[in-house]
2 protein chains.
Amino acid sequence: MDSREKILEVARDIFQKKGKSGTRMQEIADAAGVNKALLHYYFKNKDGLFKEVFVDLIRKMLLPLKQQMFQKNLPLEDRIQNFVDGYINSLKENPLLLTFILGELSMNNMPFVPPPEIGEGIIQLGVELKEDEEFKHIDPFQLATTIIGSCVFPFIARPMLIGLGLEKSTTFEEFLEERKKILPQIILSGIKIK
Amino acid sequence: MDSREKILEVARDIFQKKGKSGTRMQEIADAAGVNKALLHYYFKNKDGLFKEVFVDLIRKMLLPLKQQMFQKNLPLEDRIQNFVDGYINSLKENPLLLTFILGELSMNNMPFVPPPEIGEGIIQLGVELKEDEEFKHIDPFQLATTIIGSCVFPFIARPMLIGLGLEKSTTFEEFLEERKKILPQIILSGIKIK
DNA sequence: GTCTATAATGGGATAGAC
DNA sequence: GTCTATCCCATTATAGAC
């Protein structure tokens, strides 16, 4: 693998673990097995490297949202089930991703410009809810926040949940598997008319 | 107000905004209207100051959890309604609190040792669900994660939600007010037997 | 308790050889 | 492209006067 790619790869990891200001250029260089000067050669400065990593990680985070939230031609039930399944799986592979992104968005105010399809998809969800006799007329942003938040929260709050005793009766892994089953049920019963 | 208290007060603000490693001792000193050396006099070093602020903020975050989740003698419906109401109100007053705490817990691994009542309260919630014919037998940690996550997520993910278009049709404030009404409905329909 | 002044180090950045 | 060496400012930390 070429050096540039290698640097980006380890930078992604370290930035996620320690945040932008907690990360040292030296540490990235060491982990990548190159000299610090090379980071500046490729990315000009810390900010340049960080930005490249950040937009990359934003894309990575949005991908499953795009893919799994709005597969047309499927009934809402299946789409919610698929979404919860797919999103939790994807978060399992990148457990630090959301905490990192949301933290950085809040601290520095980094730009966040998602592709418009996602926002539009949420609006569209509202239209569907209105048209379907089976469901309550819920503001789609409320629904989306509930679904996404319920999937994401275990990852963001993992240390807190463990402190509260989550792992006394199960493992985190089992908790997530159970969650994939139970969450769609709760949500669906929650938004159906009866 | 004495200097020590003043320092802690501004440190709470600044640490929440910029995170531990993003915060400069100088900035805290300036904001408190004292000299930098005084911070070291009272708190020994940055870590000492941070720790004191952090445990303080942890307590602040847990307080509404303790107060509002487990008021005995009330039917579950009312307790959930009260909890959502009270917790969202409390988060409105400290919108950065959760992002900060969860971020720092994940980056540094800060100790997180909540008072045992909260964990026990969650277990107890499970017992109640089992005893009550009206509700499904749901793992209480799944339920708690869903409720807490749904309240908290809008605050943690605010920049993201705004990027997705949340504020195109309402203000964040209105969104929260609506949320207080709608969330208990979704949750309750979600866990009731029919 | 609070300040000024300064030490000590950390860490981002660059020049220049190879 | 990649390295060594070095610069230099930012930031933490301390000594010592008041």
Side-chain angles (χ1 to χ4, degrees), chain A residues 1-58 96 99-101 103-111, chain B residues 1-57 96 100-101 103-111:
Chain A
M1 180 190 313
D2 73 338
S3 293
R4 197 189 137 87
E5 215 29 68
K6 180 71 188 168
I7 292 168
L8 279 172
E9 183 184 310
V10 305
R12 270 192 288 270
D13 271 17
I14 298 179
F15 274 130
Q16 282 188 75
K17 273 204 204 83
K18 313 202 169 180
K20 177 179 179 180
S21 54
T23 295
R24 306 287 148 240
M25 295 294 267
Q26 186 63 58
E27 193 183 352
I28 295 175
D30 291 349
V34 300
N35 190 279
K36 211 174 33 157
L38 203 60
L39 309 198
H40 289 87
Y41 171 73
Y42 281 121
F43 305 99
K44 175 129 172 120
N45 52 30
K46 187 179 181 179
D47 222 62
L49 174 54
F50 181 78
K51 283 218 182 79
E52 188 147 343
V53 166
F54 194 69
V55 303
D56 218 52
L57 289 178
I58 290 265
L96 294 178
T99 315
F100 166 73
I101 288 177
E104 296 296 333
L105 282 175
S106 142
M107 286 195 293
N108 323 302
N109 32 353
M110 302 297 297
Chain B
M1 181 188 314
D2 73 338
S3 292
R4 197 189 138 89
E5 215 31 66
K6 181 72 188 168
I7 292 169
L8 280 172
E9 183 185 311
V10 306
R12 271 191 287 270
D13 272 18
I14 298 179
F15 274 129
Q16 281 187 75
K17 273 204 205 80
K18 313 203 169 178
K20 177 179 178 178
S21 54
T23 294
R24 305 289 148 238
M25 295 293 267
Q26 186 64 58
E27 194 182 349
I28 294 174
D30 292 348
V34 301
N35 190 278
K36 212 176 27 158
L38 203 60
L39 309 198
H40 289 87
Y41 171 73
Y42 281 121
F43 305 98
K44 172 128 177 126
N45 53 31
K46 187 180 182 178
D47 222 63
L49 174 55
F50 180 78
K51 283 217 182 81
E52 187 146 342
V53 166
F54 194 69
V55 303
D56 218 53
L57 289 178
L96 295 178
F100 166 73
I101 288 178
E104 296 295 335
L105 281 175
S106 141
M107 286 195 292
N108 322 301
N109 30 355
M110 302 298 295

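Just so we're clear, the structure is a prediction, and the values are computed from it rather than from any experiment. The chains referred to below are lettered A, B, ... by the order of the sequence lines, with proteins before strands, and numbering in each begins at 1. Values below: every heavy atom of this structure, side chains too, minus hydrogens, waters and symmetry copies.
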task: Return each pair, listed once, that meets side-chain hydrogen bond (donor to acceptor under 3.5 Å, both in side chains) where at least one residue sits in residues 14-34 of chain A; pairs must be two or more places apart or across chains.
output: Lys18(A)-Glu27(A), Lys20(A)-Asp47(A), Ser21(A)-Ser21(B), Gln26(A)-Asp30(A)
- request: Report the distance from atom CG of Asn35(B) to atom P of dT11(D), rounded to the nearest whole Å.
  value: 16 Å
message: Could you tell me if the side chain of Ile28(B) sits less than 4.5 Å from the side chain of Phe15(B), heavy atoms only?
response: yes
field: Heavy-atom pair with the smallest gap, counting every atom of Ser106(A) and Leu96(B)
entry: OG-CD2, 4.0 Å
message: Just to be sure I understand the geometry, which residues of residues 1-18 of chain B put a non-hydrogen atom under 4.0 Å away from DNA chain D?
response: none
query: Partners of Ala31(A) by side chain to side chain contact (heavy atoms under 4.5 Å, CB included), sequence neighbours excluded?
result: Val10(A), Ile14(A)
message: Strictly by ring pair (Phe, Tyr, Trp, His ring centres under 6.0 Å), give each pair with a member in residues 17-43 of chain B just once, sequence neighbours left out.
response: none
query: Is a side-chain donor or acceptor of Asn35(A) paired with a backbone partner of Ala37(A) at a separation under 3.5 angstrom?
result: yes
field: Contact residues, residues 38-46 of chain A to DNA chain D [heavy atom, < 4.0 Å]
entry: Leu38(A), Tyr41(A), Tyr42(A)
Polar atom pairs between nucleotides 15-18 of chain D and protein, under 3.5 Å, N or O only, would you list them?
none

task: Find out whether Leu105(A) and Phe54(A) are in side-chain contact, i.e. whether some heavy atom of one side chain is under 4.5 Å from a heavy atom of the other.
output: yes
field: Stretch residues 19-27 of chain B: residues that reach within less than 4.0 Å of DNA chain C through a heavy atom
entry: none
field: salt bridge (Lys or Arg N to Asp or Glu O under 4.0 Å) partners of Asp13(A), counting only residues at least two apart
entry: none
query: Can you tell me how far the CG atom of Leu57(B) sits from the CD1 atom of Ile101(B), to the nearest 0.5 Å?
result: 5.5 Å
statement: side chain to side chain contact (heavy atoms under 4.5 Å, CB included) filter on Asp56(B), not counting sequence neighbours, yields Arg12(B), Arg59(B)
task: Using side-chain hydrogen bond (donor to acceptor under 3.5 Å, both in side chains) as the criterion, list what pairs up with Asn45(B), not counting sequence neighbours.
output: none
field: Which residues share a side chain to side chain contact (heavy atoms under 4.5 Å, CB included) with Asp2(A), sequence neighbours left out
entry: Arg4(A), Glu5(A)
field: Atom pair distance, as rounded to whole Å: NZ in Lys36(B) and C1' in dT11(D)
entry: 6 Å
message: Show every salt bridge (charged side-chain N to carboxylate O under 4.0 Å, His left out) that has at least one partner inside residues 34-44 of chain A, sequence neighbours left out.
response: none
